[in-house]
Number of protein chains: 2
Amino acid sequence: MEKLYTKETLRAMIQPVTDAVYVLNGKWKLAILICLTFENMRFRQLTNEIPQITDRMLSKELKELETNLLIRRTVSPAAPKRFEYSITDHGKSLHNVVIELHKWGLKHREEISQR
Amino acid sequence: MEKLYTKETLRAMIQPVTDAVYVLNGKWKLAILICLTFENMRFRQLTNEIPQITDRMLSKELKELETNLLIRRTVSPAAPKRFEYSITDHGKSLHNVVIELHKWGLKHREEISQR
DNA sequence: CAGCATCCCAAACGATACTG
DNA sequence: CAGTATCGTTTGGGATGCTG
């Protein structure tokens, strides 16, 4: 983001960037997405992967992720019914964002711990 | 984030990614950062660039950004004193994150508006 | 197992007024 | 200009218990 960017270009970035963080916000959203990146999971599996989360919050966060088309909930028709959560293509498109956040998160921890 | 990643690798990503969004969270943080990417700015300039923000919120967000070493506040010694905010190298290191968030934010808006 | 309902506390945010 | 103080509202989130 050097001076290659005009003021107008930068101004135009604010809204999309703000939108993005807004969607990803919530204490557990990224954790859930990262889990579902590895494999489809059921509700109880997710609570095991993310031990501190409560049922209430998992339920809420899953709904919001679904609303934003980042994950999908499927019910197997046959008894016993299985409820499974999986990441959508749109969710997968967060790949680069997650990678960059990860890199920067590590860097930031170092930076902060040094002072 | 395909199956190149083991479950352990993905588990290890959760904390850094969560750290990163935590730091960037707050309704105006990225907006401020993007503004300061273009040029150093004074308090009142920032409120002009980001019309909806209140003095209180700008003040709060600036402090948090400074605590996290993303921006710097400098006071010119000569009268009249000038208080200026500028982005730090660490703040600039968010470049890739911002770029990816921007790209994804645009994509997301399209995705959502289609349904 | 897969949640939802309720209650409650803390943090985020906004509006307004005021100060050096 | 560059903020701070105070107050009220809204949202986020934890604890617990209940349901199909």
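All chains are named by letter (A, B, ...) in the order of the sequence lines, taking the proteins before the strands, and each is independently numbered beginning at 1.
- Residue Asn48(B) is the one, among Lys63(B) and Asn48(B), whose nearest nucleotide of DNA chain D lies closer to the 5' end (criterion: closest heavy atom).
- In this structure, Leu58(B) places its CG atom 10 Å from P of dA2(D), rounding to the nearest Å.
- In this structure, the CZ atom of Phe83(B) is 18 Å from the P atom of dT19(C), given to the nearest Å.
- Heavy-atom neighbours of Phe83(A) CZ from other residues, nucleotides or ligands within 6.0 Å: above the threshold of 12.
- A straight line from CE of Met41(B) to P of dA2(D) spans 13 Å, rounded to a whole angstrom.
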Q | Trace of the side-chain contact (heavy atoms from CB on, under 4.5 Å) decision for Val21(B) with Val21(A) | A | CA-CA 8 Å; Val21(B) 297; Val21(A) 297; over 6 Å; no
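- Between the base of dG3(D) and the side chain of Arg56(B) there is no donor-acceptor pair shorter than 3.5 Å.
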Q: I would like to know whether Leu70(B) and Val23(B) meet side-chain contact (heavy atoms from CB on, under 4.5 Å); could you show each step before the answer?
A: CA-CA 10 Å; Leu70(B) 300 178; Val23(B) 170; 4.0 Å; yes
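- The CZ-P distance, from Arg44(A) to dG3(C), rounds to 9 Å in whole Å.
- With hydrogens and angles disregarded, no donor-acceptor distance shorter than 3.5 Å links the side chain of Lys60(B) to the backbone of Arg56(B).
- Contact check for Arg44(A) versus Asp55(A): side-chain heavy atoms found under the 4.5 Å cut-off.
- For the pair Lys29(A) NZ and dT11(D) P, the computed distance is 14 Å after rounding to whole Å.
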Q | DNA chain D base-pair string [pairs: Watson-Crick or G-U under 3.5 Å; |: paired with another strand] | A | ||||||||||||||||||||
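- As judged by a 4.0 angstrom heavy-atom cut-off over every strand, Lys60(A) is placed among residues making no nucleic acid contact.
- Put simply, OH on Tyr22(A) is 9 Å from P on dT11(D), counting in whole angstrom units.
- Between Asp55(A) atom CG and dG17(D) atom P there is a gap of 13 Å when expressed in whole angstrom units.
- Residue Tyr85(B) has a polar side-chain atom (N or O) positioned under 4.0 Å from OP1 or OP2 of dG3(D).
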In residues 9-16 of chain A, what donor-acceptor pairs under 3.5 Å come from side-chain atoms, sequence neighbours left out?
{"residue": "Thr9(A)", "atom": "OG1", "partner": "Thr6(A)", "partner atom": "OG1", "Å": "2.7"}
{"residue": "Arg11(A)", "atom": "NE", "partner": "Glu49(B)", "partner atom": "OE1", "Å": "3.0"}
{"residue": "Arg11(A)", "atom": "NH1", "partner": "Glu8(A)", "partner atom": "OE2", "Å": "2.3"}
{"residue": "Arg11(A)", "atom": "NH2", "partner": "Glu49(B)", "partner atom": "OE1", "Å": "3.4"}
{"residue": "Arg11(A)", "atom": "NH2", "partner": "Glu49(B)", "partner atom": "OE2", "Å": "3.0"}
{"residue": "Gln15(A)", "atom": "NE2", "partner": "Asp19(A)", "partner atom": "OD1", "Å": "2.8"}

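- Atom pair Met57(A):CE and dC9(C):P shows a separation of 18 Å (rounding to whole Å applied).
- As judged by a 4.0 angstrom heavy-atom cut-off over every strand, Lys27(B) is placed among residues touching the sugar-phosphate backbone only.
- For Arg42(B), no side-chain nitrogen or oxygen approaches OP1 or OP2 of dG3(D) to under 4.0 Å.
- Listed by chain and number, the residues in a ring-ring contact (aromatic ring centres under 6.0 Å, His included) with His90(A) are Trp104(B), His108(B) (sequence neighbours excluded).
- Mapping Gln45(A) and Thr54(B) onto DNA chain C by nearest heavy atom places Gln45(A) closer to the 5' end of the strand.
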